[in-house]
Amino acid sequence: MGLEQDPTAATRQREAQLHTLIECLPQRIFFKDRHSVFMTVNAAFAADCGLKPEQLVGRSDLDFFPKELAEKYREDDRRIMAQGHPETIEEANLVGNRLRTVRVTKSPVRDAAGEVCGLLGVFTDITAERETAEALERQRQMLQALMENVPDRVFFKDRESRFICASRSLVKRQDLASPEDIVGKTDFDFLPEAEARELFEEEQEVMRTGQALACKVQRLSFKDGSTQWSAVSKTPVLDSRGVVTGLIGISHDITDLKRAEEELKRSQAFLESVIQNLPIMVFIKDADLRFVLWNKAGEELTGHSREVFLGKTDRDFFPPAEAEFFTAKDREAMNGGRVVDIPEETLDTPHQGTRILHTKKVPILDEHGQPRYLVGISEDITERKATEEQLKLFAQRLEQSNAELQDFAYVASHDLQEPLRKVRAFGDRLRTKCGPVLGEDGRDYLERMTHAAQRMQTLIDDLLAYSRVSRRSDPFVPVDLNNVVRGVLSDLEARIEQVGGSVIAEPLPILEADPTQMRQLLQNLVGNALKFHRKDVPSVVRIFVREPSPATVPAAGRTFARGTKAGRKRAFCQVCVEDNGIGFDLKYLDRIFAVFQRLHSRQEYEGTGIGLAVCRKIALRHGGDITAQSQPGQGATFIVTLPLQQPDSKTNP
């Protein structure tokens with residue numbers, strides 16, 4: 001018959017097995033009695049305390065841990081034993097000087113009667129697990145902050161290109177309320193079919209090949225009608241086994257950049273159009289003086305197309321001497337960093353011969369002030385130079401002709417004096433000796449001849465006065481016009497009394513002038529004012545000065561000529577002679593200052609029609625001018641604009 005096992009031996013065997021199991025487990029295991037005194041601990045628990053298991057038996061947590069921590073452990077023990085069921089707790093645990101986190105499961109132990117007689121504790125060090133979890137949480141929070149605030153559109157998709165999550169900027173662009181609303185959706189929910197299909201196939205290719213897509217420029221059209229340009233990068237996401245589980249994408253909005261590029265292209269096209277259609281030659285060279293731009297005017301001038309010039313230098317087209325000259329001027333502009341103006345340079349062309357150019361070369365500097373390009377602007381002035389030469393020749397001939405005319409007028413007037421004096425002298429003798437025998441008709445003929453000779457004498461005198469304005473003029477000196485007026489009024493005293501008139505002279509300035517001609521000028525103007533008076537109306541003449549407006553100053557005399565006074569503005573005054581005479585119609589304004597021009601017959605008013613022409617010539621010689629304001633029957637005001645100071649008072653202009 002079989003042998004039965006001793007119950008006591010069996011119990012000891014089970015205890016031994018249980019002890020072996022407890023000792024081999026990596027978890028820390030301990031038994032406590034009702035008073036939280038250690039009854040048994042395994043080797044792993046004892047090793048944490050740096051002791052052997054038997055050294056912990058009969059002792060409590062107060063013997064190994066800080067009081068505050070030990071009392072917490074004891075309070076947990078009492079609560080669990082009192083409530084009679086297990087409890088798992090995560091708590092701090094001190095091992096040496098290192099504080100760690102453990103997960104403890106404490107279970108009440110009952111005796112044969114079912115009463116709680118102690119406590120079983122099993123705990124595991126979860127410090128690394130907790131640190132890992134905290135690190136993951138920090139990463140999650142950082143990712144969440146990134147997804148909430150990054151301006152670029154960031155998204156994650158699964159293998160089917162469905163959104164797993166997306167940044168706030170992308171969700172907002174799709175007009176969704178929150179990031180959760182995009183989960184599970186695809187591009188087909190937001191974009192036109194064709195665009196969504198293209199993106200889907202592109203993403204599937206990325207995930208199939210594992211090859212990332214970097215900064216691809218894409219144009220997307222949204223259902224609200226708007227469009228957007230983006231630079232998109234997509235990278236496959238792998239699991240721990242290297243299997244692609246989805247992808248991450250970043251979309252950077254470059255709409256403003258694309259618009260700026262398009263605007264730049266339009267501006268460049270506009271500038272290119274302007275340059276190509278300018279009537280003057282324009283070219284651009286790089287830092288090595290190779291042509292990078294050549295406009296149509298340059299093609300027409302040189303007879304070469306722009307394609308021939310681009311990438312080449314002057315030495316490839318022009319004779320050595322010309323090319324060397326062009327290159328030297330280029331270097332002068334580039335090295336000096338300034339505009340080089342070449343008033344005249346010659347260019348030999350195959351179809352138009354030698355041309356004369358006016359060229360400016362302008363260096364274009366980079367942000368560091370170094371020359372990058374050279375802009376050249378060349379105007380063909382060949383025809384203009386020829387015209388200038390013709391004008392110069394014509395001016396010389398005109399000047400010579402004027403001099404000859406003045407000489408002729410002077411000589412003719414002077415040579416006419418002698419025969420005219422003989423006509424008058426013999427006429428006087430004829431009247432004296434033969435007057436009684438001539439009869440009435442003879443005496444009438446003689447009187448007419450005498451009057452004609454007198455008019456001829458007056459005409460010759462006036463013509464001589466007109467020619468002397470340029471031929472016999474004195475140097476410019478300071479002239480007090482007040483003294484000049486006093487002398488004029490003294491000369492005209494008899495005429496003033498004859499017409500019963502009066503002359504009011506207000507203070508006048510001192511200016512640089514020819515004193516003789518100033519007297520001649522004022523005497524002619526005041527004499528005319530007295531001559532052209534209204535019948536039965538006393539003649540009143542007023543002489544005064546006023547400051548001219550800029551519009552009335554002769555353009556040619558506004559600044560001094562070159563010399564010691566070059567560049568200074570000239571001060572002017574206007575000397576006015578105002579009368580209450582018969583006046584005239586302003587449509588005759590230009591006519592009255594011409595030689596031999598009269599508005600009235602000699603029977604009405606004496607004179608030859610040269611006086612005002614003399615006045616104008618005097619004003620022009622002094623760098624001024626003369627004009628008048630008048631209405632018929634309401635008098636006239638003659639206005640002489642004169643500079644107070646001449647460019648050089650010691651020489652005649």
Side-chain angles (χ1 to χ4, degrees), residues 260-393 395 555 559 562 566-567:
E261 289 178 352
E262 292 172 359
E263 182 62 29
L264 179 60
K265 288 180 181 178
R266 286 193 293 269
S267 298
Q268 289 175 336
F270 173 76
L271 181 60
E272 176 75 12
S273 176
V274 170
I275 291 176
Q276 290 301 328
N277 290 282
L278 284 173
I280 57 177
M281 182 171 71
V282 178
F283 58 87
I284 298 178
K285 298 179 180 179
D286 61 18
D288 296 323
L289 301 183
R290 298 184 180 275
F291 290 99
V292 297
L293 183 143
W294 190 263
N295 74 340
K296 293 179 182 178
E299 293 179 324
E300 295 171 357
L301 179 63
T302 61
H304 297 293
S305 67
R306 75 185 76 178
E307 289 75 13
V308 175
F309 274 94
L310 298 183
K312 305 290 182 59
T313 68
D314 290 318
R315 294 185 175 90
D316 296 314
F317 303 100
F318 305 113
E322 280 189 1
E324 188 61 33
F325 175 80
F326 297 153
T327 301
K329 290 299 182 180
D330 292 343
R331 292 298 182 194
E332 182 182 348
M334 296 285 273
N335 296 336
R338 59 180 179 83
V339 177
V340 172
D341 190 343
I342 309 169
E344 291 184 22
E345 63 180 5
T346 59
L347 176 69
D348 291 327
T349 66
H351 59 305
Q352 298 185 62
T354 301
R355 310 298 294 178
I356 302 175
L357 307 180
H358 175 199
T359 301
K360 288 187 177 181
K361 296 188 174 183
V362 184
I364 305 300
L365 309 181
D366 62 16
E367 63 274 13
H368 304 297
Q370 297 302 313
R372 290 289 304 276
Y373 296 99
L374 178 79
V375 177
I377 303 171
S378 293
E379 180 184 5
D380 186 350
I381 60 172
T382 307
E383 283 75 17
R384 190 176 76 191
K385 288 293 294 182
T387 302
E388 288 176 355
E389 291 299 325
Q390 292 176 355
L391 288 175
K392 186 183 297 184
L393 180 60
T559 56
R562 296 184 182 276

*Kindly indicate, with the supporting measurements, whether the criterion side chain to side chain contact (heavy atoms under 4.5 Å, CB included) is fulfilled by Thr346 and Leu357.*
CA-CA 6 Å; Thr346 59; Leu357 307 180; over 6 Å; no
*Between the side chain of Asp288 and the main-chain N/O of Arg290, is any donor-acceptor distance below 3.5 Å?*
no
_Suppose we screen for side-chain contact (heavy atoms from CB on, under 4.5 Å). Which residues come up paired with Glu272, at least two apart in sequence or across chains?_
Gln276, Leu293, Arg306
*asked:* Can a donor-acceptor pair be found, under 3.5 Å and without considering hydrogens, that links the side chain of Asn335 to the backbone of Pro371?
replied: no
*Is Asp330 close to Lys361 at the side-chain level, that is, under 4.5 Å between some pair of heavy atoms?*
yes
_Closest heavy-atom pair and its distance - Thr349, Gln352_ = OG1-N, 3.1 Å
*asked:* With a 4.0 Å cut-off on N to O distance, would you call Glu307 and Lys312 a salt bridge?
replied: no
*Mind running side chain to side chain contact (heavy atoms under 4.5 Å, CB included) on Glu324 and Asp314 for me, showing each step along the way?*
CA-CA 8 Å; Glu324 188 61 33; Asp314 290 318; over 6 Å; no
*Salt-bridge test for Lys329 and Glu345: reply yes if a basic N is under 4.0 Å from a carboxylate O, no otherwise.*
no
*asked:* Show every salt bridge (Lys or Arg N to Asp or Glu O under 4.0 Å) that has at least one partner inside residues 367-379, sequence neighbours left out.
replied: Glu379-Arg384
*Where the side chain of Thr387 meets the backbone of Glu383, is there a donor-acceptor pair that is under 3.5 Å apart?*
yes
*Please report the closest heavy-atom contact between Leu289 and Thr313, naming both atoms and the distance.*
O-CG2, 3.6 Å
_Within this structure, what is the CG-CD1 distance for the pair Leu278 and Ile377, rounded to the nearest 0.5 Å?_
8.0 Å
*May I ask you to test the Lys360-Val375 pair for a side-chain heavy-atom distance under 4.5 Å?*
no
*Heavy-atom count around Phe325 CZ within 6.0 Å, excluding the residue itself: above 12?*
yes
*Can we call the ring centroids of Phe326 and Phe318 under 6.0 Å apart?*
yes
*Can Glu263 and Arg266 be counted as an ion pair, charged N to O under 4.0 angstrom?*
yes
*Residues Lys265 and Glu262 bridged, charged N to O under 4.0 Å*: no
